[in-house]
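When a residue number appears, it is its place in the shown sequence, counting from 1. Both counts, for ligands and for their atoms, begin at 1 and track the order of listing.
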Amino acid sequence: MSPALRCHRCGERYEDATRVRCGCGEPLWFETDAAAFTWADRRSHEGMWRYEPLLPIDGPDGLAWAAGGTPLVRSEGLDDAAGCRVCVKDEGEHPTGAYKDRGSAAAVPHATAAGDGAVGTVSYGNMAMSTAAHAASLGRECVVLVPDDISPVRLELIDQYGPTIVRVDGDYGALYGDALELSAALPVRFLVSDDPARISGYKTALFEICEAFAPDAPDALALPTSSGGFASGLWRGIRDLEAAGLLDDPPRLYLVQTAASDPITRAFDAGAVDPTPLSPEETGETIAHSIGNPDPPSGGRALAAVRDTGGAVVSVTDDEIRAAQRRFAVDGGFCVEPASAASLAGVARLSERGEVDDDDAVVLLPTGTGFKELGAGDASVATERTSRAALPERLASLLGVS
Ligand SMILES: *Cc1c(COP(=O)(O)O)cnc(C)c1O
Ligand SMILES: [Zn+2]
């Protein structure tokens with residue numbers, strides 16, 4: 001039996017574990033009894049299920065076992081670009097290439113255990129791939145609602161897992177609310193960005209980082225933020241470890257948005273409790289399409305997380321993101337998608353502002369792999385050319401051997 005749900009904002013408690021939002025409008029969290037947890041209670045599993053005692057379901061079947069356990073690497077090559085001591089938690093190393101698998105690994109089995117119907121999601125990016133993959137592994141039908149003008153590349157990425165893909169003409173942003181109503185009316189559970197089981201899966205990234213640093217903790221974590229779901233999960237993880245007495249000095253949460261659509265940054269700067277949704281005129285195009293949400297469902301939770309941990313929210317431009325993506329690869333060897341590169345660009349800004357120190361240990365969370373984005377062909381790639389016969393001499397000259 002799964003635990004009850006609790007509203008962080010008003011304290012209301014719900015026994016119905018399929019509920020998503022509180023009557024007050026806030027997304028809900030699963031209650032966990034973390035007070036008695038010690039590191040010795042973790043299971044011997046490899047991935048995120050080693051924290052099973054702090055999750056709302058027991059280790060399920062299927063692809064869920066491939067979630068979590070991503071590498072955490074000290075990456076000295078990125079120190080210069082970031083202006084601090086960098087560790088990289090490479091969340092792109094998941095079955096579908098994004099941290100979303102931690103959430104799907106908990107939410108899809110949670111939904112399938114609760115009923116016979118299909119699962120679904122509203123996404124044309126990483127959330128769609130992840131939900132479809134985890135549903136496929138459980139033999140469960142999956143419905144993915146995508147915008148009518150979705151690109152063929154994205155369709156192909158999502159379609160490989162065999163979901164029912166429905167192109168929807170109309171206000172795509174409004175589908176988030178529709179999906180919750182459709183879940184109540186039809187035999188399909190839409191698992192959107194703030195689904196409580198999904199959020200509980202995300203907190204395992206925080207557990208993995210803190211376990212690696214224990215008994216110390218990193219000074220800060222930096223992540224790209226859109227709906228605020230990942231931030232909510234990481235903060236929930238911090239609170240669990242604090243309740244368990246395992247984290248005295250929690251890391252500051254630094255959230256990075258794209259300047260093209262940054263309602264959470266605006267609310268942070270204005271001292272607001274909740275973000276104000278941006279109008280279409282206030283939203284621009286960005287290469288960081290995984291973080292372009294003008295109306296973030298977990299925005300209030302993300303802001304609370306930042307303020308509670310003494311962090312900040314910053315926005316970065318596409319030019320800064322492009323440069324950071326290049327530094328991730330050239331200075332660190334990481335292939336990250338543009339949204340993920342925003343983590344580095346944001347920390348560089350905070351270092352310039354003096355909010356991050358050069359001896360701070362900062363964990364960057366590149367949330368998704370860059371491999372899905374490549375393939376359009378870049379004619380500007382600089383190469384050397386030679387004949388096979390002239391190769392030894394050419395190579396010698398390139399290597400500076402005369
Ligand atoms: C979903 C996603 C994000 C944004 O995460 P939220 O939980 O919506 O804030 C960031 N980066 C990547 C790669 C994503 O797929
Ligand atoms: Zn509430």
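- The number of protein N, O or S atoms lying under 2.8 Å from the Zn ion (ligand 2) is 4.
- When only modelled atom types and interatomic distance are considered, Trp29 and Ser232 share a side-chain donor-acceptor pair under 3.5 Å.
- Side chain to side chain, Asn293 and Ser227 fail the donor-acceptor criterion of an N or O pair below 3.5 Å.
- At a 4.0 Å heavy-atom cut-off, the residues surrounding ligand 1 are Tyr99, Lys100, Asn126, Pro224, Thr225, Ser226, Ser227, Gly228, Gly229, Phe230, Ser290, Ile291, Glu337, Ser340, Thr367, Gly368, listed by chain and number.
- A salt bridge links Arg50 with Glu211: the distance from a Lys NZ or Arg NE/NH1/NH2 to an Asp or Glu carboxylate oxygen falls below 4.0 Å.
- A salt bridge is absent between Arg42 and Glu52; no separation between the charged side-chain nitrogens and carboxylate oxygens falls under 4.0 Å.
- There is a side-chain donor-acceptor pair under 3.5 Å between Thr367 and Ser340.
- Ring centers of Tyr124 and His289: at least 6.0 Å apart, outside the cut-off.
- Using a 4.0 Å cut-off between charged side-chain N and carboxylate O, Glu12 and Arg6 make no salt bridge.
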His110/Phe30 under ring-ring contact (aromatic ring centres under 6.0 Å, His included): CA gap, chis, key distance, verdict: CA-CA 12 Å; His110 184 260; Phe30 274 106; 5.3 Å; yes

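- Of the charged side-chain nitrogens involved, at least one lies within less than 4.0 Å of a carboxylate oxygen, so that Asp274 and Arg9 count as a salt-bridged pair.
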